[in-house]
Amino acid sequence: MAETKYIFVTGGVVSSLGKGIISSSIGKLLQARGYNITIQKFDPYINIDPGTLNPYEHGECYVTVDGMETDLDLGHYERFTDIQTTKANSLTTGRIYKAVIDKERRGDYLGKTIQVVPHITDEIKRNVKLLGQKYHYDFVITEIGGTVGDIESTPFLEAIRQLKWEFGKRACCVHLTYVPYLKAAQELKTKPTQHSVKELQSIGIQPDLLVLRTEKHLNEGILKKVAGFCNVDLDCVIQSEDMPSIYEVPINMQNQGLDTAILRKMGEPIDKKPSLGEWRQFIDRRNNAKEEVRIGLVGKYDLQDAYKSIRESLSQAGTYNDHKTKITFINSENLTEENVAEQLKGQDGIVICPGFGQRGTEGKIIAAHYARVNDMPCFGICLGMQMIVIEFARNVLGYKDANSRELDEKTTHNVIDIMEEQKNITNMGGTMRLGAYECKLDGKSRVFNIYKKEFIQERHRHRYEFNNDYLQEYEKAGMKCVGKNPESDLVEIVEIPGLKWYIGTQFHPEYQSTVLKPHPLFVDFIKTAIENQKK
């Protein structure tokens, strides 16, 4: 069995260049050549995980099947490659330090003085190797968050330096930098890239490949200049221009020979012809879609990364319905009974977004009411589903003070309540119902017809649940509880059968939607929204 090879992806100059997309693209291209791969993300912040981070700070929190709250880049890895990531695919400085401190407290280090080198760097190296040793992947791609030169990233870069030395040809470093265009001078500038590479070299790492993010096409002269100043082969300098969509990046990278250059550097044969047939079909279908379907995202975070997976799921579902999905953010804090009709005007359907806390919830309830009364396709996800349930209790069951225990401790009609086992939890992080749980669908329901199977598994991230004390009242009044956890009997899905599409899910279906396997709920929701538009 061939030994696992390791690819490290680092970034320089500025953050947000798209290291996650480049890592995902490399994974996709290697998969297309028949290699078995996985991708992991190392984040330099000291939080144990991003579960307690404000989405404005870090975008959405992505959840793996085994219940790890992770960085949104893991969503890209899964959407691009169809691999399932786990706890081992996501690491933070906080988790590394915690592991080392726990070992020190147990006495594992036999009285040694604990230092960044070797103890922290050894723990990082152990986690880099872990997936390869356990599952014998052909390639493990490791993305390092942050930018070269950040004080937080230093231990990770030192660990990479050591691993490159240990592994020899079995390791390579792909460095992503930025080539800015100065409008006044009408020039593209390579100096930031040179500085970034110099910074990396000063740590002892010579990048093997450079990916240059740019808004303008770089000519051969610029690529040669970068290759010469940075000690990198010319065929290993790749440009990553802005593309109409992130899904075109793998094809752009393949056209420039990124995968070929990596394989050559690592001594792998380059005889296998890569196959991206289905991926190219998806891109063609996406580009050929001319008509638009308009979806309103009702939420409180005016930041596209806060609902990244939902946006991508809607976009993929649009492609599979031969439409472009036009998403409009509708701030739920600003929604009132008076302006809701105006705010939702022109939308073919709405998604009531997940979230935590009181802010913006009344607006979500108003949107749910408007959609129900006007028979507008409506999809409530997690807290969005709970808002659908509360709206129904207030306006159909007649419980005017109906609420969630999370939002109003004193409500006499707690149609959403906290689970017994959650009541005494004091820590916020990592203590919710997290990861994949089973759900049994009612054979007569709309969702059963969508999934076309009785048992499904979906990922969760929440602490509060539908209160089963009210179950019969809801069913009698026309809101059906059509998906339940077979072990705990907790309600996972509600729907109103009489309406075109009015469904709420306690889980997050967006975590399972990928480019080649779009989620059936999103596909059916978009299909209905298109039919609604035509009518």
Side-chain angles (χ1 to χ4, degrees), residues 6-26 39-62 68-77 85 89-100 116-117 120-121 123-125 127-128 140-164 171-180 192-213 230 240 303 305-306 308:
Y6 294 86
I7 297 167
F8 300 106
V9 179
T10 58
V13 188
V14 290
S15 57
S16 304
L17 290 179
K19 287 192 299 293
I21 303 295
I22 293 297
S23 302
S24 304
S25 299
I26 292 170
I39 316 176
Q40 57 184 175
K41 171 86 188 269
F42 284 11
D43 267 307
Y45 51 74
I46 295 171
N47 303 59
I48 295 288
D49 58 48
T52 51
L53 282 173
N54 182 329
Y56 283 122
E57 291 266 332
H58 215 73
E60 78 168 7
C61 177
Y62 187 80
M68 185 71 197
E69 292 175 289
T70 71
D71 183 80
L72 60 79
D73 276 326
L74 273 82
H76 291 312
Y77 305 163
T85 55
N89 293 73
S90 170
L91 247 98
T92 65
T93 293
R95 268 179 69 201
I96 295 284
Y97 271 83
K98 187 174 185 305
V100 170
V116 174
V117 181
I120 298 297
T121 49
E123 185 63 23
I124 293 168
K125 283 158 66 179
N127 280 283
V128 169
V140 173
I141 300 158
T142 304
E143 178 196 340
I144 308 294
T147 328
V148 171
D150 293 351
I151 198 163
E152 296 98 334
S153 306
T154 313
F156 291 101
L157 295 171
E158 170 57 21
I160 290 175
R161 183 196 67 73
Q162 293 179 23
L163 286 168
K164 276 200 77 182
C172 87
C173 174
V174 178
H175 189 53
L176 181 62
T177 78
Y178 180 49
V179 178
T193 293
Q194 294 173 47
H195 278 301
S196 183
V197 171
K198 200 171 168 187
E199 184 83 40
L200 207 50
Q201 288 167 337
S202 73
I203 298 163
I205 300 170
Q206 167 61 48
D208 299 281
L209 295 98
L210 290 176
V211 177
L212 310 178
R213 276 293 281 119
C230 299
S240 176
L303 176 80
D305 274 359
K308 191 71 182 166

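Not a single donor-acceptor pair under 3.5 Å links the side chain of Thr121 to the backbone N or O of Pro155. Remark: side-chain polar atoms of Asn127 are not paired, donor with acceptor, to backbone N or O of Ile124 under 3.5 angstrom. Under a 3.5 Å cut-off, the side chain of Asp43 and the backbone N or O of Gly145 do not form any donor-acceptor pair.
With rounding to the nearest 0.5 angstrom, the CD1 atom of Ile203 is 13.5 Å from the NZ atom of Lys198. Distance check: Asp49 CG to Glu69 CD gives 5.0 Å after rounding to the nearest 0.5 Å. Between the CD1 atom of Ile26 and the CD1 atom of Ile141 there is a distance of 6.0 Å, given to the nearest 0.5 Å. In this structure, CG in Leu157 is found 9.5 Å from CD in Glu199, a value given to the nearest 0.5 Å.
For Ser23 against Tyr77, the heavy-atom pair with the smallest separation is CB-CE2, 4.2 Å. For the pair Thr70 and Leu74, the tightest heavy-atom approach, listed with the atom from each and the gap, is OG1-CB, 3.7 Å. Between Asp73 and Gly20, the closest heavy-atom pair is OD1-CA, 3.4 Å. Contact record, Tyr62 with Thr85: CE2-OG1, 4.5 Å, taken as the closest heavy-atom pair. The two residues Thr147 and Val13 come nearest to each other via the heavy atoms CG2-N, 3.5 Å. Across all their heavy atoms, Asn47 and Thr92 have their closest contact at O-OG1, 2.8 Å.
With sequence neighbours left out, Lys164 forms a salt bridge (charged side-chain N to carboxylate O under 4.0 Å, His left out) with Asp208. Every side chain to side chain contact (heavy atoms under 4.5 Å, CB included) that Ser25 has, sequence neighbours left out, goes to Ile21, Phe80, Val249, Pro250, Met253. When the side chain to side chain contact (heavy atoms under 4.5 Å, CB included) test is applied to Thr142, the partners found at least two apart in sequence or on another chain are Phe8, Gln40, Phe42, Val128, Val140, Ile144. Under the side chain to side chain contact (heavy atoms under 4.5 Å, CB included) criterion, Arg213 pairs with Leu17, Leu176, Tyr178, Ser240, Asp242, not counting sequence neighbours. For Tyr6, there are no side chain to side chain donor-acceptor pair (under 3.5 Å) partners, not counting sequence neighbours. Remark: Lys19 pairs with no residue by the salt bridge (charged side-chain N to carboxylate O under 4.0 Å, His left out) rule, at least two apart or across chains. By the salt bridge (charged side-chain N to carboxylate O under 4.0 Å, His left out) test, Glu143 pairs with Lys41, sequence neighbours left out. The salt bridge (charged side-chain N to carboxylate O under 4.0 Å, His left out) test applied to Lys98 returns Asp102, not counting sequence neighbours. Take Thr93 and apply the side chain to side chain contact (heavy atoms under 4.5 Å, CB included) test, not counting sequence neighbours, and it matches Pro44, Ile46, Tyr97, Phe156. For Thr10, the side chain to side chain donor-acceptor pair (under 3.5 Å) partners are His175, not counting sequence neighbours. Applying the side chain to side chain donor-acceptor pair (under 3.5 Å) test to Glu152 and every residue at least two apart in sequence or in another chain returns nothing. Residues that satisfy the side chain to side chain donor-acceptor pair (under 3.5 Å) test with Gln201, not counting sequence neighbours, are Gln206.
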Derivation and outcome, side-chain contact (heavy atoms from CB on, under 4.5 Å), residues Glu123 and Ile120: CA-CA 5 Å; Glu123 185 63 23; Ile120 298 297; 5.8 Å; no

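Between Pro207 and Cys230 the shortest side-chain heavy-atom distance does not fall below 4.5 Å. The closest side-chain heavy-atom distance from Glu158 to Val117 is below 4.5 Å. The shortest side-chain heavy-atom distance between Leu200 and Val148 falls under the 4.5 Å cut-off. By the 4.5 Å heavy-atom criterion applied to side chains, Ile39 and Asn89 are not counted as neighbours. You'll find the side chain of Cys172 reaches within 4.5 Å of the side chain of Leu209, heavy atoms only. Between Leu163 and Ile160, the closest side-chain pair of non-hydrogen atoms is not below 4.5 Å.
In this model, a donor atom of one side chain and an acceptor atom of the other lie less than 3.5 Å apart for Thr193 and Thr177.
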